[in-house]
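Let me begin by presenting the structure, written as structure tokens, before commenting on it.
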Amino acid sequence: MTKSLPVLMYHYISKCEGSISVHPEVFEDHCKALAENGWRGISLTEAEQYLLHGTPLPKKSVLFTFDDGYLDNYVYAWPILKRYGHKGTIFAVTSRIEHHSALRPTIEDILEGRARRETLPPVDTPFQELAQGLCVRQDSFISWSEARAMESSGVISIAAHSTTHNNVFASPQFSSFIFPRSRGRTFYQVEGENLWGMPAFPAIPALVGRAFVPSANLLDTIRRHVPQDAELAYEFARDEEKVEALRNRISRLTADELGTYESDSERDHRMAKDFELCRNALEKELGHTRQTFCWPWGTFSPEALSIAKQHGFKVFFTTAQGANPPRRPEAVHRFKVKNKSAKWLHSRVKIYSNNLTARLYNLIRK
């Protein structure tokens, strides 16, 4: 019987290298090695019963999780999990789930001759060159039709990872401005109106705390002086005199003219709306209730946890590493899977399958 459930945290399953990307061939090695060594990727329902009620799990149970809902999870991870008898869970950002009805080809379709290789979605080449010579990541996400197909197969469950995965501004201090630039990640948006020329106020995950909300006065000042066309804004940012003039205009605004902090009730309303929209979308599109929530960036506040519970969520996944004994649903630990060998992964799974070794390993890591 499982004493601690190892939870694997993946993001991209893609040939495009990155700190949170695992190559499809490496992922297949992971799935194959775990299966050959007697490990089984369990369903979200099995994990929920264990975490909520202590329902026993077979020895060598493991939970595969994939954050954000990237299309490569459908193209590569789903068929590979299926091939080796594992199940997994995708924590999806519901506003990013696409709405087209046609199912796109997976690697299984290619290998079994149901589709040509050139029809495979371009999930391995997510970076796009812009006119200004900038390079930005533009990821594709699963569609609702694809989510339903994966769930119908019994291999994949879709669960909540917020509505937007947005940030909020945290304070009025700043030293630079937001202008077009190269970006290597997808989730960087801030709640509210995103203008070129906005002061780069410090940001925190939207479900962590109160937001600093820029004033209408500040937004009007920026609109009057900074072009909002991306190419023109890029040229503006290269003109030091214009940027300095913008800095001088904004520095003349008082603290109240820059913006104000949300009240506690405004924060609670904003967070409640995110939980409600996320849960409703999943239930409407997939036809069943959801009680599991994965925190964006793995962080949350006591207020957010309380509001999430009010909206029916009972199991909460973080990005913190550690053991997962039964009946511990409020802060489920996971460990980041790297683009490393199956031997490396197997060693980590064994560590986190034991409460004592998991605690000792985390103490050593600190």
Side-chain angles (χ1 to χ4, degrees), residues 6-31 33-34 41 62-78 80-81 88-93 96 107 121-130 134-142 161-162 164-167 178 180-190 200 202-208 294-300 317-322 332-349 351-352 358 361-362 364-366:
V7 182
L8 286 58
M9 179 177 66
Y10 292 90
H11 287 78
Y12 299 108
I13 306 299
S14 170
K15 297 176 184 177
C16 181
E17 294 182 359
S19 63
I20 56 172
S21 181
V22 172
H23 193 285
E25 292 178 2
V26 175
F27 179 68
E28 180 159 10
D29 288 343
H30 291 173
C31 292
L34 289 177
V62 64
L63 181 63
F64 287 82
T65 67
F66 306 84
D67 285 12
D68 304 329
Y70 300 113
L71 181 58
D72 57 48
N73 297 175
Y74 164 83
V75 170
Y76 289 122
W78 174 38
I80 293 173
L81 287 169
T89 298
I90 293 175
F91 293 122
V93 180
R96 296 295 185 120
I107 192 63
V123 294
D124 299 316
T125 54
F127 286 93
Q128 305 294 323
E129 293 283 347
L130 301 184
L134 304 178
C135 188
V136 297
R137 185 164 196 133
Q138 296 182 342
D139 288 307
S140 296
F141 292 81
I142 61 173
H161 196 35
S162 82
T164 64
H165 206 305
N166 278 351
N167 290 317
I178 298 173
R181 61 181 178 86
S182 293
R183 292 189 183 274
R185 60 190 181 96
T186 293
F187 294 104
Y188 60 87
Q189 292 289 101
V190 175
I204 56 174
L207 297 177
V208 167
C294 178
W295 298 106
W297 290 289
T299 58
F300 62 98
F317 283 76
T318 72
T319 57
Q321 300 186 51
V332 182
H333 298 111
R334 300 188 292 166
F335 71 92
K336 175 185 173 182
V337 181
K338 300 178 182 180
N339 192 45
K340 290 189 173 184
S341 70
K343 182 179 180 181
W344 173 87
L345 177 62
H346 191 207
S347 70
R348 295 313 187 271
V349 167
I351 287 171
Y352 288 108
Y361 182 68
N362 281 345
I364 294 170
R365 289 180 68 252
K366 292 178 181 178

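It should be emphasised that the depicted structure is a prediction, and the values quoted were computed from it without experimental measurement. Worth knowing before you read on, the calculation uses all heavy atoms, side chains too, and leaves out hydrogens, waters and symmetry mates.
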Could you list the residues that satisfy ring-ring contact (aromatic ring centres under 6.0 Å, His included) with H165, not counting sequence neighbours?
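If we apply the ring-ring contact (aromatic ring centres under 6.0 Å, His included) test to H165, skipping adjacent residues, the hits are H161, F187, W297.
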Residues forming a ring-ring contact (aromatic ring centres under 6.0 Å, His included) with F27, sequence neighbours excluded:
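With neighbours one apart ignored, the set is Y10, F66.
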Quiz item: cation-pi between R334 and F317, 6.0 Å / 45°
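Output no; distance or angle outside limits.
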According to side-chain hydrogen bond (donor to acceptor under 3.5 Å, both in side chains), who are the partners of [X], at least two apart in sequence or on a separate chain?
{"X": "N73", "answer": "none"}
{"X": "W295", "answer": "none"}
{"X": "R96", "answer": "none"}
{"X": "T89", "answer": "none"}

Show me the donor-acceptor pairs, under 3.5 Å and distance only, between side chains in residues 16-24 and residues at least two apart or in other chains.
unit_1, atom_1, unit_2, atom_2, d
S21, OG, S14, O, 3.3
S21, OG, C16, O, 2.8
H23, ND1, E25, N, 3.0

Apply salt bridge (Lys or Arg N to Asp or Glu O under 4.0 Å) to D68 and list each qualifying residue two or more places apart in sequence or on a separate chain.
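Result, salt bridge (Lys or Arg N to Asp or Glu O under 4.0 Å) vs D68: none returned.
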Applying side-chain contact (heavy atoms from CB on, under 4.5 Å), name anything that partners [X], two or more places apart in sequence or on another chain.
{"X": "I351", "value": "R348, T357, Y361"}
{"X": "D29", "value": "A342"}
{"X": "V190", "value": "N167, F169, N194"}
{"X": "P121", "value": "L71, V75, R104, P105, V123"}

Spacing of CG belonging to D72 relative to NZ belonging to K15, to within rounding of 0.5 Å
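Answer for the CG-NZ pair, D72 versus K15, is 12.0 Å.
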